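Contents: one structure, followed by commentary.
Heads up: numbering here begins at 1 and tracks the sequence. Not measured: the values here are computed from a predicted model.
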Amino acid sequence: MGKKVTIIGAGNVGATIGFTLAVKGLASEILFVDVAKEKALGEAMDIYQATPVCEPVYVHAGDYPDAANSDIVVITSGIARRPGQTRLELAQTNVNILKSITEQITKYAPNAIYIIVSNPVDILTYVFTKISGIPESRIIGSGTQLDSARLCATLAEKLDVNQKDVHAFVLGEHGDTSFVPWSMATVAGVKIDDYCRGAFGGRKFDIDYDDVVKYVRESGGMVIKRKGATYYAIAVSVCRIIEMLDMCDNGVAVVSTMMHGEYGVDDVCISTPCIVGPHGIKGKLLVSMTDEEIEKLRASGRAMKAAMEALTY
């Protein structure tokens, strides 16, 4: 669709994002940049050789100067989370990596929209916002877009309904203090409580919401334990954000952005529903939540601030 997308990091996540972009036809040029240059070249070659049977796109590997004129930069570099390790335990190492990347990439792609994917994503989105000089409207943390997809997939299975008919969000940190505002959750426009009580032809569903939240929160770790890494779901989630950046109309994504007093949360990056369009973040969608849900969002913000206090950036 005419977009040049640079992907920093050609590991499992970065490579799968590049592959998904090519298959979906969301870019005209895809550049991989990685310190492991041979790995980046191998991924680029493999994806490019698939293009005759999908969408035409130029896929190649290079270095930071090759990122000039990028429309979108996706940052996936960092140390991967190990089994049993929390995202926050990765923080200082990946902050240091991000600082090095930021100094180099912003020099050559100052007008790009930046999508931060590396973990802990909320902390890294905050650090990038503070040190990059890029306007906030052009900085998007992938945040709980992935968690929300996991939530909808889980609910669809439990409620015996198409995944796309489930509309529910995970808000806050992409991590242990995330939460689901159940007051907003619907199935084909029907409040989820009503749906469970029998709106579906009288059939009733008994769902433990706490168990659902626990499963969604822990499912990434389950995948890592079973196969070593997660990359399919996050890649599609990121490509959905990129798709919104290429649409003529605005979309809604649950992404991590800088908070400026919304819901009483300030100077921290956490996920809330945002309006995303061709030029980046258009603004936050200030949805109605219960007092209890707002307090959970504030608690998530406090947790992120506490985590930031232990870091140097």
- Task: For S178 and V170, work out which heavy atoms get closest and say how close.
- Result: CB-CG1, 3.6 Å

- Item | Where L26 and K3 come nearest, the two heavy atoms and their spacing | O-CB, 4.1 Å

- Query: Does the pair R197/D194 count as a salt bridge with the N-to-O cut at 4.0 Å?
  - Reply: yes

- Task: Answer with yes or no whether the side chains of T257 and K284 bring together a donor and an acceptor at under 3.5 Å.
- Result: yes

- Item | Worked check of side-chain hydrogen bond (donor to acceptor under 3.5 Å, both in side chains) between S118 and N94 | CA-CA 8 Å; S118 308; N94 283 352; over 6 Å; no

- Close side-chain approach of V213 to F179, heavy-atom, < 4.5 Å: no

- Query: Going by heavy atoms in the side chains, are N119 and L124 under 4.5 Å from each other?
  - Reply: no

- Side chains of T125 and I140: closer than 4.5 Å at any heavy-atom pair? no

- Minimum side-chain heavy-atom gap L311-I123 below 4.5 Å: yes

- Task: Would you name the heavy atoms of S70 and T6 that are closest together and state the gap between them?
- Result: OG-OG1, 2.7 Å

- Query: Take atom OH in Y48; do more than 12 heavy atoms of anything else shown fall under 6.0 Å from it?
  - Reply: no

- Message: I want to check something: taking the side chain as every heavy atom from C-beta on, are V265 and I270 in contact at a cut-off of under 4.5 Å?
- Response: yes

- Message: Using a 3.5 Å distance criterion without hydrogens, assess whether the side chain of T230 forms a donor-acceptor pair with backbone atoms of G220.
- Response: no

- Item | Neighbour count >12 (heavy atoms, 6.0 Å) for atom CG, D208 | yes

- Message: For S300 and E173: C-alpha separation, side-chain torsions, deciding distance, then whether side chain to side chain contact (heavy atoms under 4.5 Å, CB included) applies.
- Response: CA-CA 6 Å; S300 194; E173 172 202 1; 3.3 Å; yes

- About how many Å separate NE2 of H260 and CD of E136, when rounded to the nearest 0.5 Å? 3.5 Å

- Item | Close side-chain approach of Y126 and D267, heavy atoms under 4.5 Å | yes

- Message: If you apply the rule side-chain hydrogen bond (donor to acceptor under 3.5 Å, both in side chains), what do you find for H60 with E29, and how did you get there?
- Response: CA-CA 8 Å; H60 60 122; E29 180 179 353; 2.8 Å; yes

- Message: Can you tell whether the side chains of D147 and R217 come within less than 4.0 Å, N to carboxylate O?
- Response: no

- Item | N-O pairing of R302 and E295 below 4.0 Å | yes

- Message: Can you tell me how far apart OG1 (T272) and CZ (F169) are? Round to the nearest 0.5 Å.
- Response: 10.0 Å

- Cluster link L286 to L297, ILVMFWY, side chain under 4.5 Å: yes

- Item | Charged N-O contact under 4.0 Å between E43 and K39 | yes

- Task: Check the pair T186 / M184 against side chain to side chain contact (heavy atoms under 4.5 Å, CB included), numbers first and verdict last.
- Result: CA-CA 7 Å; T186 63; M184 298 164 51; over 6 Å; no

- Message: For residues V236 and I234: do they belong to one hydrophobic cluster (side chain heavy atoms under 4.5 Å, members Ile, Leu, Val, Met, Phe, Trp, Tyr)?
- Response: no

- Can you measure from CD1 (I30) to CZ (F19) and round to the nearest 0.5 angstrom? 10.5 Å

- Within one Ile-Leu-Val-Met-Phe-Trp-Tyr cluster: M258 and I75, side-chain cutoff 4.5 Å: yes

- Query: So, does R138 use its side chain to make a donor-acceptor pair with the main chain of P110 at under 3.5 Å?
  - Reply: yes

- Message: Any side-chain to backbone donor/acceptor pair from N96 onto T93? Under 3.5 Å, distance only.
- Response: no

- Task: Hey, can you tell me if W182 and Y209 have their rings parallel, tilted or perpendicular (30° and 60° cut-offs)?
- Result: parallel

- Inspect the contact between K99 and E103 and indicate whether a charged nitrogen and a carboxylate oxygen are less than 4.0 angstrom apart. no

- Whether N12 side chain and Y231 backbone form a donor-acceptor pair below 3.5 Å: no

- Note on the structure: Tested for side chain to side chain contact (heavy atoms under 4.5 Å, CB included) against V254, the lone hit among L146, L151, T144 is T144

- Message: Within a 6.0 Å radius of atom NZ on K305, are there more than 12 heavy atoms belonging to other residues, nucleotides or ligands?
- Response: yes

- Message: Rounded at 0.5 Å granularity, tell me how far CG in D246 sits from CD1 in I242.
- Response: 9.5 Å

- Item | Pair V59-M45, side chain to side chain contact (heavy atoms under 4.5 Å, CB included): steps then yes or no | CA-CA 7 Å; V59 188; M45 289 176 62; over 6 Å; no

- Query: If you take all heavy atoms of V95 and T312, which pair is closest and at what distance?
  - Reply: CG1-O, 3.7 Å

- Task: Hey, could you give me the CG/SG distance between L245 and C239, rounded to the nearest 0.5 Å?
- Result: 11.0 Å

- Query: Taking a hydrophobic cluster as the set of Ile, Leu, Val, Met, Phe, Trp and Tyr residues connected by side-chain heavy atoms closer than 4.5 Å, whether directly or through intermediates, do V35 and I8 fall within one such cluster?
  - Reply: no

- Here the pair of heavy atoms bringing A22 nearest to C54 is O-SG, 4.1 Å

- Stepwise side chain to side chain contact (heavy atoms under 4.5 Å, CB included) test for E243 and R240: CA-CA 5 Å; E243 191 172 25; R240 177 56 183 152; 3.1 Å; yes

- Item | Taking every non-hydrogen atom, the tightest pair across I101 and S77 | CD1-CB, 3.4 Å

- Query: Under 3.5 Å, side chain of N250 to main-chain N/O of I275, donor-acceptor pair present?
  - Reply: no

- Query: Does T76 use its side chain to pair, donor to acceptor, with the backbone of G9 at less than 3.5 Å?
  - Reply: yes

- Query: Do K296 and E293 sit within salt-bridge range, that is, some charged N less than 4.0 Å from a carboxylate O?
  - Reply: no

- Message: Do Y215 and T154 make a side-chain contact, defined as non-hydrogen atoms from C-beta onward lying under 4.5 Å apart?
- Response: yes

- Query: In terms of ring plane angle, is the pair Y114 and F128 parallel, tilted or perpendicular, where the classes change at 30° and 60°?
  - Reply: tilted

- Verify the cluster assignment for Y64 and I131: are they in a single hydrophobic cluster under the rule of side-chain heavy atoms below 4.5 Å apart? yes

- Once you round to the nearest 0.5 Å, how far does NZ of K130 lie from CD1 of I139? 10.5 Å

- Below 4.5 Å, heavy atoms only, C-beta onward: do V5 and L21 meet side chain to side chain? yes

- Message: Looking at K225, I want to see if its NZ is surrounded by more than 12 non-hydrogen atoms of other residues, nucleotides or ligands under 6.0 Å.
- Response: no

- Message: Is it the case that the side chain of Q104 and the backbone of S100 share a donor-acceptor pair, with hydrogens and angles ignored and the cut-off at 3.5 Å?
- Response: yes

